[in-house]
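First the structure, in the form of structure tokens, and then the observations on it.
Throughout, protein chains are lettered first and strands after them, A, B, ... in sequence-line order, and every chain is numbered starting at 1. Scope of the values below: all heavy atoms of this structure, side chains included, with no hydrogens, waters or symmetry mates.
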2 protein chains.
Amino acid sequence: MVNQSLPLDTVFHALADPTRRAVISRLLKSPAPVTRLAEPFEMGLPAFLKHLAVLESSGLIHSEKRGRVRTCHINGERLAAAEGWLAEQRAVWAGRTDRLAAFAESQHSQEQEE
Amino acid sequence: MVNQSLPLDTVFHALADPTRRAVISRLLKSPAPVTRLAEPFEMGLPAFLKHLAVLESSGLIHSEKRGRVRTCHINGERLAAAEGWLAEQRAVWAGRTDRLAAFAESQHSQEQEE
DNA sequence: TGATTGGTTCACCATATGGAAAACTATAGA
DNA sequence: TCTATAGTTTTCCATATGGTGAACCAATCA
């Protein structure tokens with residue numbers, strides 16, 4: 001059906017869920033084991049593991065297992081990939097192709113909005 | 001099942017599809033009517049209209065109908081909302097809470113990647 | 001008026017997604 | 001060794017998603 005090979009597809013899809021975004025926010029602070037990560041959420045572990053699988057297959061996180069505990073880490077570069085696409089689009093919106101100018105633009109308008 | 005009320009959910013979900021991202025890229029250049037927008041894609045109009053509905057309900061685009069022609073427009077601010085969330089996350093990743101510093105940071109690392 | 005164009009609606013289908021419950025594996029600790 | 005802990009696998013279910021074809025409505029235009 002959909003060609004899920006495109007990295008942006010999987011990254012944006014991974015971000016389209018509050019549980020997964022919360023996991024990312026948490027992991028940005030420091031790596032953490034699975035059960036620690038799962039604590040704040042109401043769902044069972046199997047459901048939570050599916051979210052982790054989505055995050056991992058999108059490349060937003062990776063994990064390694066030592067003993068019986070699997071520790072998850074963030075992959076900041078993938079976040080940057082998504083941000084980069086959006087920044088490019090906003091650059092077009094601002095009527096420019098120069099990416100640095102676009103960043104300055106987004107920065108500026110964001111300050112005004114707050 | 002999922003609480004789709006959160007705007008970020010619907011925005012990221014809308015972005016998680018190459019057809020919809022292409023429509024956004026197209027609309028950033030200028031508004032366009034439905035059939036013009038649909039031209040580049042293989043799918044039938046009903047399927048394409050569903051994509052437009054997803055984009056519209058996410059707030060990324062809006063449209064108005066004059067005569068029998070519906071013209072679609074981009075909503076740049078919604079794109080900025082997604083970019084803003086990502087920028088905040090990357091700010092944490094960079095070990096900072098200052099958003100301007102985070103933008104500078106993302107700008108810097110993106111130049112290095114190319 | 002009749003035909004075309006632009007869009008819409010409807011019924012339907014296959015697959016994906018997000019969740020639950022239960023049973024299981026393997027490492028750590030007492 | 002026994003038991004608790006951390007995670008995994010499997011099966012199952014309801015709903016969402018992305019697509020189709022066919023019928024339909026409403027402006028234009030010849």
Look at the side chain of A:Lys65 against the base of D:dG7 and say whether a donor-acceptor pair falls under 3.5 Å; ignore hydrogens and angles. no

When you get a sec, tell me which of D:dG21, C:dA22, D:dG19 is the closest nucleotide to the side chain of B:Pro46? D:dG21

Considering every strand and a 4.0 Å limit on heavy-atom distances, what is the contact class for B:Arg20: base, sugar-phosphate, or nothing? sugar-phosphate

Is it the case that atom CD in B:Glu64 sees more than 12 heavy atoms from other parts of the structure closer than 6.0 Å? yes

Hey, does the side chain of A:Arg90 reach the backbone of B:Ala80 with a donor-acceptor pair shorter than 3.5 angstrom? no

Side-chain donor/acceptor of B:Arg68 to base of D:dT28, under 3.5 Å: no

Which of D:dG19, C:dG6, D:dT8 is nearest the side chain of A:Arg70? It is D:dT8

Counting N and O atoms only, with roles assigned by atom type, does the side chain of A:Asn75 sit under 3.5 Å from a partner on the main chain of A:Arg78, one being a donor and the other an acceptor? no

Expressed as a whole number of angstroms, how long is the span from B:Phe41:CZ to D:dG18:P? 14 Å

Tell me what A:Arg66 touches on the nucleic acid: a base, only sugar-phosphate, or nothing, going by heavy atoms under 4.0 Å. nothing

Pick the nucleotide of DNA chain C nearest each of B:Leu49 and A:Gly67; which residue has the one closer to the 5' end? B:Leu49

Look at the aromatic rings of A:Phe12 and A:Trp85 and report parallel, tilted or perpendicular, splitting at 30° and 60°. perpendicular

Where the side chain of B:Lys50 is concerned, which of D:dG19, D:dT17, C:dG19 is the nearest nucleotide? D:dG19

Report the nucleotide, chosen from C:dG18, C:dG7, D:dG18, that has the shortest atom-to-atom distance to any side-chain atom of A:His51. C:dG18

